[in-house]
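Notes for the one structure printed next.
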Amino acid sequence: MVAFEKEGRTVDYLKAFLVGGTICAIAQIIYDNTKLTPAHILVAFTVVGAILGGLGIYESLAQFAGAGAIIPVSGFGNAIVTGMMSEIKRLGWEGLFTGAFEITGLGVTTAVVFGSLMAVLFRPKD
Amino acid sequence: MDKAQQDQNAKYQQMVKEATPKPEHRKNIVLAFLTGGIICTIGQAVFNLFSKIEPTRMETTGTTQATMIALGAIATGLGFYDWLAEHGGMGAAIPITGFSNTVTAAAMEFKREGYILGMGAKMFVVAGPVLVYGILSSFIISFFWAVLTGTLL
Amino acid sequence: MTQKRQGLQTISFDQSPRIISSATIAGPKEASSNLGSYIDRLVTDSMVGEQTPEKAERKLLYQACQDALAKTKLTEKDIHLFIGGDLLNQIISSSYSARDLGIPFLGIYGACSSIVEGLGIGALIVDGSYANAVLVATSSHYQASERQFRYPIELNIQHKSSNQWTVTGAAAAVVSNQGEGPRITKATFGRVLDYGIKSPNDMGAAMAPAAADTLCRHFQDTNTSPGDYDLILTGDLGSIGQKLFVRLVKEAGHTLGTKHMDVGAYIYKPEQGAGAGGSGCACSALGILGYVIKEMYQGRYHRILAIATGALFSPVSYQQGDSIAGIAHGIVIEG
């Protein structure tokens, strides 16, 4: 684990804005110029994030851009692979099967809980 | 399909292409950039907040993503997120809040067919593929990483 | 016996079945649209107090049927047949309305072309004296169609410029051989044409060839030209499909000019954010039974040709890679 920067600086916000915005702008270019649906693009970005994560490249981007790399769905793919690799280090083969939700479990559970809550409280509008 | 039909279809598809207005590329890209950038900036604020509490970067990442997912779900419930996506495009879809939106939107929509076979069964109708392919690709990558680096030998 | 068939695909009605009453109902977005003032009954809540959009659509359809009946002296018992169609799986809006109406029911599916298919079949039956009065109705609902054909409503989708907005509403008409009203004089039932359009975002493009084919066939069968009609109305081609339609018709040698109007392209105002325009069974139905009939009573139109178009596909068929076929039916209304 690389040294963990605990203080928030203005430049962090700027980097998050620029990198996060750029990732979304690339996705928009793909959406406008192909027949791919948003679901296809979400999957593609997740997979690319996981691959770059496995190669150790995405973590460098996250070190630089912070939330700009963590918040796009590619960061979610990276979080799956990072969790998996860290669990493999800890548990061996078992980690390959338990690691996917090591980091992302928190988010997936939040999505289920809040998604259900919203579904109970609200209904779709035109 | 015979040759004449294929030619006719190709010719017609060219006509359709000409008749369809081009997307407003520049405007769409700028709006996606701004929307995505702003969501990530909010994410950075959350990240900074949690970095003061959480012991490791990995855990901060998890809690930041989870908090943004919760915010995305609330924005969806209030009917704000589909408006944001209509203008921000991929700027709203690509951040983790967009992933959360797909779960919440499906839950809200299919609740009408009951909590088990509707909401429960179809909540991940769009988010499911993201999880499935995220996990499959991670599994393959991690496997090779583990074998090649000797972690598992 | 007089010759009831004309040319290859056209039928000529000699007993002149009449549209003796018509009723339209629609939601709030349609209320503020260009057709708003032509719609009889406007509801402020597109869910009309129901829990689901499917139930809401059914309620709209049933209400339109009741309103159409109320404008005549007829009751359910005097109506020999109810012909209904809609977009939902197994045409549930029509069949459940038929259950509540208690009239013998013929369910039809021609996607968004259903209203003209229904009026055409109704005219056939009345012209053949197999019924004195027939009720024809179709409906569609934005939310119900979105969830069936596309995505959950609140999903983060940025619509493409070619997307069309399903009209929320319903329309009904009573076709009878007794009474007053505009006459249905001809019907041209169309062929299914497929030019290989695969994206459900390009429905107007998928339907335009069928519309052009039916129109040209009608001109040929009846030996008429655009000049013989006050208005040539198409259902829901939208702004892109309309352009393609006009071009295809021109290639076949007919110039439509200002005679042509597409309900889908016309209905919504640009600021209403409906992409390429309206669509759905209610779109052409509101155009024909709302706009056209009212303008006919005002004396603006005397002879119109209405062509309603439908895109024939299902979510399963396009996910399996099948292209989207189009169909178009035309009727001539004279008043």
Side-chain angles (χ1 to χ4, degrees), chain A residues 1 4 6 8 12-13 16-18 20-25 27-29 31-32 38-39 41-43 45-47 50-51 54 66-68 70-73 75-77 79-82 84-86 88-89 92-93 96 100 103 106-107 110-112 114-116 118-119 121-125, chain B residues 23 25 28-29 32-37 39-41 43-44 47-48 51-52 56-58 61-66 68-70 73-74 76-77 79 89-91 93-96 98-100 103-104 107-109 111 119 123 126 129-130 133-135 137-139 141-143 145-146 151-152:
Chain A
M1 195 58 47
F4 185 38
K6 294 221 175 212
D12 291 341
Y13 290 103
F17 179 79
L18 292 177
T22 304
I23 292 174
C24 295
Q28 185 70 39
I29 293 170
Y31 183 63
D32 279 347
I41 298 173
L42 273 183
V43 168
F45 272 66
T46 312
V47 170
I51 294 170
I70 291 168
I71 296 302
V73 77
F76 190 73
I80 297 176
V81 81
T82 308
M84 221 177 247
M85 296 195 308
S86 107
I88 292 171
K89 277 185 207 152
W93 285 104
L96 203 50
I103 303 174
L106 200 63
T110 309
V112 170
F114 276 82
S116 308
M118 292 303 129
L121 293 179
F122 301 105
R123 64 182 206 185
K125 291 175 271 293
Chain B
H25 288 291
N28 285 354
I29 292 170
F33 180 82
L34 290 178
T35 310
I39 293 174
C40 290
T41 310
Q44 187 66 42
F47 185 87
N48 289 343
S51 70
K52 296 192 172 70
T56 66
R57 190 182 168 85
M58 217 165 92
T61 301
T63 42
T64 304
Q65 287 179 347
M68 293 307 281
I69 283 173
I74 293 168
T76 305
M90 286 295 130
I94 286 292
I96 199 84
F99 171 82
S100 167
V103 177
T104 307
M108 287 167 71
E109 190 69 53
K111 184 188 67 173
M119 189 182 97
M123 199 178 224
V126 189
V130 172
Y133 290 101
I135 291 171
S137 55
S138 295
F139 188 92
I141 290 271
S142 301
F143 177 82
W145 168 81
T151 314
L152 287 179

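Here the structure is a predicted model, which means the values were calculated and not measured. Just so it is clear, the values below take in all heavy atoms, side chains as well, and ignore hydrogens, waters and symmetry mates. Note on naming: letters A, B, ... go to the chains in the order of the sequence lines (proteins, then strands), and numbering restarts at 1 for each one.
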Can you give me the closest heavy-atom contact between [X] and [Y], atom names plus distance?
X      : Y      : value
A:C24  : B:A32  : CB-O, 3.6 Å
B:G79  : A:K125 : CA-CE, 4.4 Å
B:W145 : A:M85  : CD2-SD, 3.6 Å
B:Q44  : A:A67  : OE1-N, 2.8 Å
A:A25  : B:I29  : CB-CG2, 3.9 Å

Working to the nearest 0.5 Å, report the span between [atom1] of [X] and [atom2] of [Y].
X      : Y     : atom1 : atom2 : result
B:S137 : A:I51 : OG    : CD1   : 6.0 Å
A:Y13  : B:T41 : OH    : OG1   : 9.0 Å
A:I23  : B:C40 : CD1   : SG    : 7.0 Å
A:Q28  : B:I94 : CD    : CD1   : 9.5 Å
B:S138 : A:M84 : OG    : CE    : 5.0 Å

Select one option (side chain, backbone, both, neither) describing which atoms of [X] are under 4.5 Å from chain B's heavy atoms.
X      : result
A:A27  : both
A:L121 : neither
A:A100 : side chain

I want to check something: taking the side chain as every heavy atom from C-beta on, are [X] and [Y] in contact at a cut-off of under 4.5 Å?
X      : Y      : result
B:M123 : A:S116 : yes
A:I70  : B:F47  : yes
B:T76  : A:F122 : no
A:T46  : B:F99  : no

Using a cut-off of under 4.5 Å on heavy-atom pairs, state which of [options] scores highest against chain B.
options                    : answer
A:V73, A:V43, A:T22, A:I71 : A:I71
A:L96, A:V112, A:V47       : A:L96
A:L42, A:I41, A:I29        : A:L42

*Does any donor atom in the side chain of A:Y31 or B:N28 lie under 3.5 Å from an acceptor atom in the other side chain?*
no
Proximity breakdown for [X] and chain A, heavy-atom pairs closer than 4.5 Å:
X      : result
B:A70  : both
B:P23  : side chain
B:S142 : both
B:I141 : side chain
B:V126 : side chain

Using a cut-off of under 4.5 Å for heavy-atom pairs, which of [options] has the most such pairs with chain A?
options                       : result
B:T61, B:I39, B:T35           : B:T61
B:H25, B:K111, B:E109, B:M108 : B:M108
B:V103, B:I74, B:T63          : B:I74
B:P95, B:P129, B:G134         : B:P95
B:G43, B:A73, B:G77           : B:G77

*Ring centroid separation B:Y133 to A:F45 under 6.0 Å*: no
*Using 30° and 60° as the class limits, which term best fits the ring planes of A:W93 and B:F143: parallel, tilted or perpendicular?*
tilted
